[in-house]
Amino acid sequence: MRATAEGTQFDVVVIGGGPGGYAAALYGASAGLSVAVVELDKVGGTCLHRGCIPAKEFLETAAVARTVAGAKEFGVQAGQPTVDFAVSQGRKQKVVDQLHRGLAGLMKGRGITIFEGVGTLQADRRVHVRLTDGQERELVGRDVILAAGSLPRTIPGFEVDGRYVLTSDEVLALDTLPASTAVIGGGAIGCEFASMFSDLGTQVTVLEALPTLLPGCDDDVVGVVTRSFRKRGIVVHTGATVRGHTPNGSGTTVEFGDGQAVPVDVVVVSVGRRPRSEGLATDEAGVTIDARGFVVVDDHMRTSAPGVWAVGDLVDTPQLAHVGFAEAIVAVKGMLGEQVVPVDNAKVPWAIYCHPEVAFAGLTESQAAEQGLAVVTKKDPFGGNSRAQIIGDTDGVVKIVAEKLPDGTAGRVLGVHMCGPWVTEQLSGGYLAVNWEAYPDEVAQFVQPHPSLSETFGETMQALTGRGLHVG
Ligand code: NAD
């Protein structure tokens, strides 16, 4: 299986060493394939260096500050906390560096060859590499995986300058906290940053173009997050069109809506991410790229060029690291000729780490209605959960959407939507229920520990059988 020829021919050449690319490399190598990875920066990609990991580390700093601020309620006198963000930045970097060393070591241990430089796919699965030291190489893969990831999107009138206008790349490198910020875009990144900054003492205004925060999440979940944000003093404007901003030396004023304006220290633009496909492949490579820049793939992650696959943020599937991992496995199994189960993108797990956290899988109530499905729903707020009261974190809800059977009872679980304390760690039961197409009475048989936050999921499922304990 292993290809040879003095280090230029490989079973698989992967362009991009982020979650999609490194997962493909690790999985391929563990299946006995010879693998090369071309990476222009550091393996780990956006997720490890400028995304998921640093963002969640800062959100943990925010959680610690929130806990200390609320300590007196428990009789623990700690005073009002102050935050030295440079220390937090240092801690974040330590976590990132440690994970990076671990990943690099793992890849080396599996015999994966890493080329530091920019890769361009040419015809016949040849990959031209411009190495960072200026040299050039040509690699040939029996198969090639494109995994070049994505970059923050920007909007006209808000050129990223690192001073007044930041994207996630710049926010995650800050050493000091702004006194005030306007976050443009109330999606996953916007809500995580709004929550983090607010807990750390920054005055936050969120400007979201659509009618609600977190478009795509279930309405009940969005309601809890929006109320919690407002209760903590975050100003939320939805249906807001931003027009531009006017710097004034010490900060800038963002103009939006019908003549409204908000003066802030910095603007954070979080309006989505675009695929990084420019210059990735020559025309002769034969890879189709759509008008928005996504590499076009089928559900086996095959591009239009034979032997060329694409995974991760480069393709038009949920932009989540764990989806990239799953797609990488699909691609490698495909090239090995093994049976493949495509990723069901409508049922992948989502986890958003703002406070309160959000986690879900499957259809929302309104998506089910749009598809013409009759449903039964139940929801249980975390307010009645004993563990939530013990930890003093009761904002939240679990909502389950099930198909309505002809007799009016609940059939297959279509969607599980959670908002509240540590729900990102509690979704797996709901994720399995949705993907196993389980019925509530099957899931309700499983016992949840008491007292635990996960009882709220169990109780909601129990209620869907027609009889509940605490939930009617
Ligand atoms: P997003 O698509 O989740 O949200 C962007 C938001 O910006 C949307 O609500 C959109 O309506 C709004 N918007 C777009 N243009 C606007 C404008 N001109 N003015 C005001 N609002 C505008 O994108 P994101 O939050 O930037 O995240 C990028 C990607 O990374 C997403 O796919 C996201 O799911 C993923 N991500 C996921 C997580 C997580 O799951 N924890 C965390 C970070 C990022």
Side-chain angles (χ1 to χ4, degrees), residues 56 59-60 63 66-67 70 74 214 217-225 227-228 320 322 344 346-365 368 375-405 408-472:
K56 274 68 224 179
L59 279 155
E60 202 51 37
R66 205 171 52 238
T67 302
F74 292 77
L214 296 173
C217 291
D218 191 88
D219 292 344
D220 285 289
V221 164
V222 174
V224 174
V225 173
R227 281 192 296 279
S228 168
L320 300 166
H322 46 275
D344 186 345
K347 293 180 182 167
V348 299
W350 286 81
I352 303 170
Y353 298 75
C354 53
H355 180 75
E357 291 186 346
V358 172
F360 63 97
L363 293 180
T364 65
E365 188 171 0
V375 297
V376 188
T377 68
K378 281 284 177 202
K379 52 190 171 191
D380 186 14
F382 271 104
N385 177 292
S386 51
R387 189 88 197 278
Q389 291 186 23
I390 290 164
I391 66 172
D393 199 354
T394 50
D395 277 354
V397 68
V398 172
K399 176 172 176 180
I400 301 176
V401 180
E403 73 175 345
K404 189 179 198 169
L405 296 176
T409 61
R412 279 177 313 153
V413 176
L414 301 174
V416 173
H417 305 273
M418 298 177 157
C419 176
W422 290 103
V423 293
T424 55
E425 298 291 342
Q426 295 181 58
L427 181 65
S428 54
Y431 170 75
L432 287 179
V434 168
N435 281 271
W436 232 308
E437 302 183 345
Y439 277 43
D441 55 359
E442 295 170 317
V443 184
Q445 283 190 41
F446 296 114
V447 178
Q448 305 290 339
H450 175 76
S452 74
L453 296 168
S454 57
E455 280 177 288
T456 298
F457 169 70
E459 289 271 339
T460 316
M461 209 46 104
Q462 191 77 57
L464 264 180
T465 67
R467 289 185 212 148
L469 292 180
H470 303 92
V471 187

Checklist entry - Going by the ring-ring contact (aromatic ring centres under 6.0 Å, His included) test, which pairs reach into residues 408-428, not counting sequence neighbours? => result Phe360-His417

Checklist entry - Nearest 0.5 Å, what's the CG-OG1 distance between Asp393 and Thr67? => result 8.5 Å

Item to check | Val423 backbone acceptor or donor facing Glu357 side chain under 3.5 Å | outcome: yes

Checklist entry - At their closest point, which heavy atom of Ala444 faces which heavy atom of Met461, and how far apart are they? => result N-CG, 4.1 Å

Checklist entry - Asp218 side chain to Glu365 main-chain N or O, any donor-acceptor pair under 3.5 Å? => result yes

Next on the checklist: Rounded to the nearest 0.5 Å, what separates atom NZ in Lys399 from atom CG in Asp219?
Outcome noted: 6.5 Å

Item to check | Heavy-atom closest pair, residues Ala438 and Val443 | outcome: CB-CG2, 3.6 Å

Item to check | Val225 versus Cys419, closest heavy-atom pair with distance | outcome: CG2-SG, 3.8 Å

Checklist entry - Roughly how far, to the nearest 0.5 Å, is the NZ atom of Lys379 from the CG atom of Leu464? => result 12.5 Å

Item to check | Check: His470 main-chain N/O paired with Glu459 side-chain donor or acceptor under 3.5 Å | outcome: yes

Item to check | Separation between CG of Leu469 and CD of Glu455, rounded to the nearest 0.5 Å | outcome: 9.5 Å

Checklist entry - Val401 and Ala368: which non-hydrogen atoms are nearest, and at how many Å? => result CG1-CB, 4.5 Å

Checklist entry - Got Val413 and Pro440 here, is their nearest side-chain heavy-atom distance under 4.5 Å? => result yes

Next on the checklist: Take a 6.0 Å sphere around NZ of Lys56 and say whether it holds more than 12 heavy atoms from other residues, nucleotides or ligands.
Outcome noted: yes

Checklist entry - Can you list every pair that meets side-chain hydrogen bond (donor to acceptor under 3.5 Å, both in side chains) and has a residue in residues 427-446, with sequence neighbours left out? => result Lys347-Glu437

Checklist entry - When rounded to the nearest 0.5 angstrom, what is the spacing between CD in Gln426 and CE in Met418? => result 5.5 Å

Would you tabulate the side-chain donor-acceptor contacts of residues 382-391 under 3.5 Å, counting partners in other chains and residues two or more places apart, or write 'none'?
from: Asn385; atom 1: OD1; to: Arg387; atom 2: N; distance (Å): 2.9
from: Asn385; atom 1: OD1; to: Ala388; atom 2: N; distance (Å): 2.9
from: Asn385; atom 1: ND2; to: Ser452; atom 2: O; distance (Å): 3.0
from: Asn385; atom 1: ND2; to: Leu453; atom 2: O; distance (Å): 3.4
from: Asn385; atom 1: ND2; to: Thr456; atom 2: OG1; distance (Å): 2.9
from: Gln389; atom 1: NE2; to: Gly383; atom 2: O; distance (Å): 2.8

Checklist entry - Is the CZ atom of Phe446 crowded by more than 12 outside heavy atoms at less than 6.0 Å? => result no

Checklist entry - If you take all heavy atoms of Leu59 and Cys354, which pair is closest and at what distance? => result CD2-CA, 4.4 Å

Next on the checklist: Once rounded to the nearest 0.5 Å, what's the spacing between atom CG of Leu414 and atom NZ of Lys404?
Outcome noted: 13.0 Å

Checklist entry - Do you know the tightest heavy-atom contact between Thr409 and Val376? => result O-CG2, 4.0 Å

